[in-house]
Structure formats: C-alpha cells, structure tokens
Amino acid sequence: MTNLQLWQAVLGELELSLTKANFTTWFKNTAISLIDGEKITVGVPNTFTKAWLENKYHQSILKTLQKIVGGHVKEVTYRVEAVRPQTQKMAVPTLAVSGTEEKTISAPPAESPRFGLNPKYTFPSFVVGKNNELAHAAAQAVSKNPGKSTYNPLFIYGGVGLGKTHLLQGIGHAILGADSNKKVLYTTSEKFTNDYVQAIRSRTMEKFKQTYRTPDLLLIDDVQFMAAKDGTQQEFFHTFNDLHQADKQIVMTSDRPPKAIPALEQRLISRFEWGMIADISQPDYETRAAILKAKCAEKGLDLDQDIVDHIALIIQNNIRELEGALNKIIAYEQFHHTPPTLDLVKRILMSHVISGRKSATPKQLINIVAEFYDLRLDDLLGQSREKRLAFPRQIIMYLMRKELESSYPAIGQELGGRDHTTAMHAFDKITREVETSDKLKQEIEQIKQRMYN
Ligand code: ADP
Ligand code: MG
C-alpha cells in the first residue's frame, strides 16, 4: 500500500463518522508525508488545521491508522507543509492591473465603514459551544488572515436563529478593529438582488460594481435567497471572481450547504465549496444556559440560577427565542416592579411551552424525513428492506418515539403496518448509533428542527 492509498483508506473511514462540513474542512489537503517505522507524519495545509487535528481528531486518526495497518503505528504527528494545489484559482490574466486597483480601493469609502453592522454582533459577545465551535474558529481564522485562499470563501450554514448573522458581522467588526481603513461591506443576498435589478434599470452598473467589487471583505447573509432570475447569479458569479482573484475575503451564510440550495447555479455551488464550509447546529443545554447568562449580563438582568436553568430547559429551538423569553421577563419585571420568581417565570413561559410543543404530526414527520433523504413516500412506507430506505424508516420510528411519544404499536401502524417489535428495535438501534456518529446526530438535529418550525 502506498502512502496515498493508506491515507485514502483512513479518510474513507473517518468520513463515515464526521459531518460533511467537518470532514472537508479538516481533511481537505492533508496527506501522509512520511512513514518512519512506527511513526507517521501527516502533512497539513496550515497551523490552524494542525491544531485542530491534534486536539480534536488525533485519537480517531490514530485508531483508524492502527485499524488499517495493524497495531504497528505508535505515533502520529502533524506538520504544516507547502500547500498543495487546491482551490484552482481562475485563469484570468488580470494580475497586471491589480496594483492600480489597490489604489482606487483605498480611497475613502463614501459611507461609514461600519455601515450595516450591528454593534452588538461582535466576537466577544458570541458564546462558543459545541454547536458552533467550528464556525466560530473558522470565523476567527478568517478575521486574522482575510483573503487567504484556504478559507476563502468561508461558508457558514445552519438553521434560523442560531447565530449566523452574529458571527458573520463579528468578522466585520474584528477586521475593522484591526485596521479601520479596511473596506467592509455587509449585505444580504436580497439586497444584492435588489441593488442589481435597480442598477440595470437606472443604468448605474458602474456604481453597482464600485460598491460590490471593491471591498476587502464582502459579507453576504442568507445566500439561499440569491435570485435565480434576471442574471443576478451571473452578476454575483463575476463579483465573486473579481474579489477572489484580488485575494479579497468573502464570507457567506445560508440555512443549508451550497449543494442543497435548490436554485443555485452549479458554477456558484462549486465556487462556494472552494474554501471552508462550517456548520452551526442547535445549542445543547449547557450552551443555552451560557448564552442566557451572557444575555442577562448584557441586559443588566440579574436572574437566579434556577430561573436561568429553567429557561434553558424549556426553550430549545434557537437562540432568538431564548432572547425573546428574556425580553418577556424583562417587560414583566418593568411593568410590575418585582423581580421575577421561578414560579412567575414558569407562568410567563407557559404559552411558550404550549406553542413550543406544537410540532409535526406523525404523518408530517414521515414527509419531512422523506424530503430530507429525497425518497418517495411509497418506497419509504413500502416493504423493501434496502438500506437507503430501511435506515430513514428507522429514524422515523426513533423520532416518533422520542419526540412525539407515540406507542410502539402506533408507530408500526403509521409505517405501513409494521410490527411493534420492529419499532422497538429501530428505537434501540438509532439511540445507540446517535451516540457514536456525529453525522447521524446532526442529521437528526436537522430533521428535528424542521419538525418544530
Ligand atoms: P441567524 O442569522 O442564524 O438566524 P442570528 O445571528 O440573527 O441568527 O442570531 C439570533 C440572535 O441570537 C441574535 O440576537 C444573536 O446575537 C443571538 N445569538 C446567536 N448565537 C449566539 C451565541 N453563540 N452567543 C450569543 N448570542 C447569540
Ligand atoms: Mg441571519
């Protein structure tokens, strides 16, 4: 086996247990660079990846290597090496003019550079938890080294209210904080679309280009809404190319990964996948509690620990809702001039508990899963035991039990009249697998998010 084949085999194993975003982010452009007896050296593209592999994936890498070559491997180390050719930059010969371009760029921007950034959305006010550590680390890396091709573009995706906009703008603040002469532009894909359509109508394309093709940092929020009509995507394609070519940093957010954005042109999808893709998932209980504490401090609210714990327990979907709950409590307090007690908070949040419980019906859940895995309903409920069908079916049974608290016989019934023991088996199986597979865990979280939204 050559080094290359060995590493391919290792990657093949690792890929199964990681989310796609994690896998591509941390293992792209890695290779075995040296095997010296019992020691293996893995070449990585930068120190950031090195640190991440050492801290988070070392055990998995070591175990996988041992599994494949037998127990001889005793030591794995990581070394930063000259970057292998990776993001094929476009072969457009514009290097000669880039020098003059620089000068026009540094002309003072017409509007305040902080325009469009919410002063509250900074890195220091962003609480890091397991659900967002990858995206946060990537955002930090980008703001320290904007334009470096490994993280350009940075693509952050995740469900509503999970902190994408906050993180995106945090990058803007950090870059301006380090150098206030930098030109930062924050925009949404809708504004980009509107501006473009407007520019065509009023024949002000030059001004449009001046705005969008000159920033050092372009932050585009919610790219899933980039219109597929009127040439907007084509214009964005050119904007992207111009900026990327000039080593300007681009950061985008979306509610899903590039490939899953239905109306997105293929060439944009592939551009978006050039750099780094990082996901944000739903916060766990500890993170929710930590965020609440931070928000209380920000708002000057002094809540007892048991109250904070209660809110974190009840409100699980997203962080915007957590803030909403806090605001309700503040409003109540200001109105009644009494500090809230736990009982009071329970009552205030009661409406939430009820509406929060409002979730999908079993039938809706089946539809959500069918859509998620792109399967036909007939197939999903049919008799075939093919893995591509059987597995999603088991996920449905698991979620019906866990989230909707259906009885096993009822679950069997919903899924095309299966036996209750099948449902029990599925529940146990998925419960076990969720523990060990990041990938599965995340898929289930995404499905849950659809169930409750
Ligand atoms: P998204 O863009 O993903 O829909 P936002 O960035 O608008 O979500 O976040 C919603 C609210 O939650 C914002 O007020 C934001 O400050 C807050 N928030 C989200 N994540 C965090 C976090 N990790 N720490 C602190 N506040 C957060
Ligand atoms: Mg947002």
Side-chain angles (χ1 to χ4, degrees), residues 21 114 116-143 153-174 184-193 218-226 250-258 260-261 272 277-301 303 308 311-312 314-331 352 356 442 445-446 448-450 452-453:
R114 284 179 197 276
L117 295 184
N118 181 331
K120 285 196 311 196
Y121 291 169
T122 62
F123 283 152
S125 67
F126 190 84
V127 176
V128 184
K130 261 190 157 163
N131 63 315
N132 59 25
E133 62 183 352
L134 169 69
H136 176 260
Q140 292 264 356
V142 156
S143 51
L154 169 60
F155 190 100
I156 300 172
Y157 74 90
V160 272
L162 295 181
K164 300 183 297 296
T165 299
H166 188 142
L167 207 49
L168 184 69
Q169 298 203 0
I171 299 173
H173 285 297
V184 170
L185 180 62
Y186 168 84
T187 191
T188 62
S189 64
E190 284 150 314
K191 182 161 187 324
F192 182 89
T193 304
L218 177 63
L219 306 168
I220 293 227
D221 215 350
D222 291 320
V223 288
Q224 75 271 18
F225 296 129
M226 184 73 71
I250 303 156
V251 187
M252 295 169 276
T253 71
S254 162
D255 66 347
R256 62 198 92 178
I261 304 176
F272 292 0
I277 299 186
D279 58 324
I280 303 187
S281 54
Q282 280 178 302
D284 58 16
Y285 172 75
E286 279 71 29
T287 310
R288 297 199 298 274
I291 290 173
L292 274 172
K293 284 228 121 145
K295 297 284 170 190
C296 285
E298 212 175 81
K299 295 175 198 283
L301 186 66
L303 289 183
V308 171
I311 305 173
I314 293 293
I315 299 189
Q316 308 184 342
N317 284 350
N318 71 48
I319 296 156
R320 199 170 291 146
E321 283 182 22
L322 276 181
E323 284 199 280
L326 271 190
N327 289 338
K328 269 194 195 167
I329 291 165
I330 292 174
H352 204 100
Q442 195 172 21
E445 272 194 19
Q446 288 182 359
K448 267 167 67 180
Q449 220 178 12
R450 295 184 190 192
Y452 291 102
N453 274 317

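Atoms within each ligand, like the ligands themselves, are counted from 1 in listed order.
- Judged by distance alone, with hydrogens and angles left aside, the side-chain atoms of Ser143 form a donor-acceptor pair with the main-chain N or O of Ala139 at under 3.5 Å.
- At least one N/O/S atom of Thr165, whether from backbone or side chain, sits less than 2.8 Å from the Mg ion (ligand 2).
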Can you give me a line-by-line list of nitrogen or oxygen pairs between ligand 1 and the protein shorter than 3.5 Å?
{"residue": "ligand 1", "atom": "2 (O)", "partner": "Thr165", "partner atom": "N", "Å": "2.9"}
{"residue": "ligand 1", "atom": "2 (O)", "partner": "Thr165", "partner atom": "OG1", "Å": "2.8"}
{"residue": "ligand 1", "atom": "3 (O)", "partner": "Leu162", "partner atom": "N", "Å": "3.2"}
{"residue": "ligand 1", "atom": "3 (O)", "partner": "Gly163", "partner atom": "N", "Å": "3.1"}
{"residue": "ligand 1", "atom": "3 (O)", "partner": "Lys164", "partner atom": "N", "Å": "2.8"}
{"residue": "ligand 1", "atom": "3 (O)", "partner": "Lys164", "partner atom": "NZ", "Å": "2.8"}
{"residue": "ligand 1", "atom": "4 (O)", "partner": "Gly161", "partner atom": "N", "Å": "2.7"}
{"residue": "ligand 1", "atom": "4 (O)", "partner": "Arg320", "partner atom": "NH2", "Å": "2.9"}
{"residue": "ligand 1", "atom": "6 (O)", "partner": "Lys164", "partner atom": "N", "Å": "3.4"}
{"residue": "ligand 1", "atom": "6 (O)", "partner": "Thr165", "partner atom": "N", "Å": "3.1"}
{"residue": "ligand 1", "atom": "6 (O)", "partner": "His166", "partner atom": "N", "Å": "2.8"}
{"residue": "ligand 1", "atom": "7 (O)", "partner": "Arg320", "partner atom": "NH2", "Å": "3.0"}
{"residue": "ligand 1", "atom": "8 (O)", "partner": "Gly163", "partner atom": "N", "Å": "3.0"}
{"residue": "ligand 1", "atom": "14 (O)", "partner": "Glu323", "partner atom": "OE1", "Å": "2.4"}
{"residue": "ligand 1", "atom": "16 (O)", "partner": "His166", "partner atom": "ND1", "Å": "2.7"}
{"residue": "ligand 1", "atom": "16 (O)", "partner": "Lys295", "partner atom": "NZ", "Å": "3.2"}
{"residue": "ligand 1", "atom": "23 (N)", "partner": "Val127", "partner atom": "O", "Å": "2.8"}
{"residue": "ligand 1", "atom": "23 (N)", "partner": "Asn132", "partner atom": "ND2", "Å": "3.3"}
{"residue": "ligand 1", "atom": "24 (N)", "partner": "Val127", "partner atom": "N", "Å": "2.8"}
{"residue": "ligand 1", "atom": "26 (N)", "partner": "Lys295", "partner atom": "NZ", "Å": "3.0"}

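- Among residues at least two apart or in separate chains, there is no salt bridge (charged side-chain N to carboxylate O under 4.0 Å, His left out) pair with a member in residues 280-289.
- Residues Thr253 and Asp221 bring a donor and an acceptor atom of their side chains to less than 3.5 Å of each other.
- Between the side chains of His136 and Gln140, a donor-acceptor pair is found at a separation under 3.5 Å.
- The list of salt bridge (charged side-chain N to carboxylate O under 4.0 Å, His left out) pairs with a residue in residues 117-130, not counting sequence neighbours, is empty.
- Listed by chain and number, the residues in a salt bridge (charged side-chain N to carboxylate O under 4.0 Å, His left out) with Lys293 amount to none (sequence neighbours excluded).
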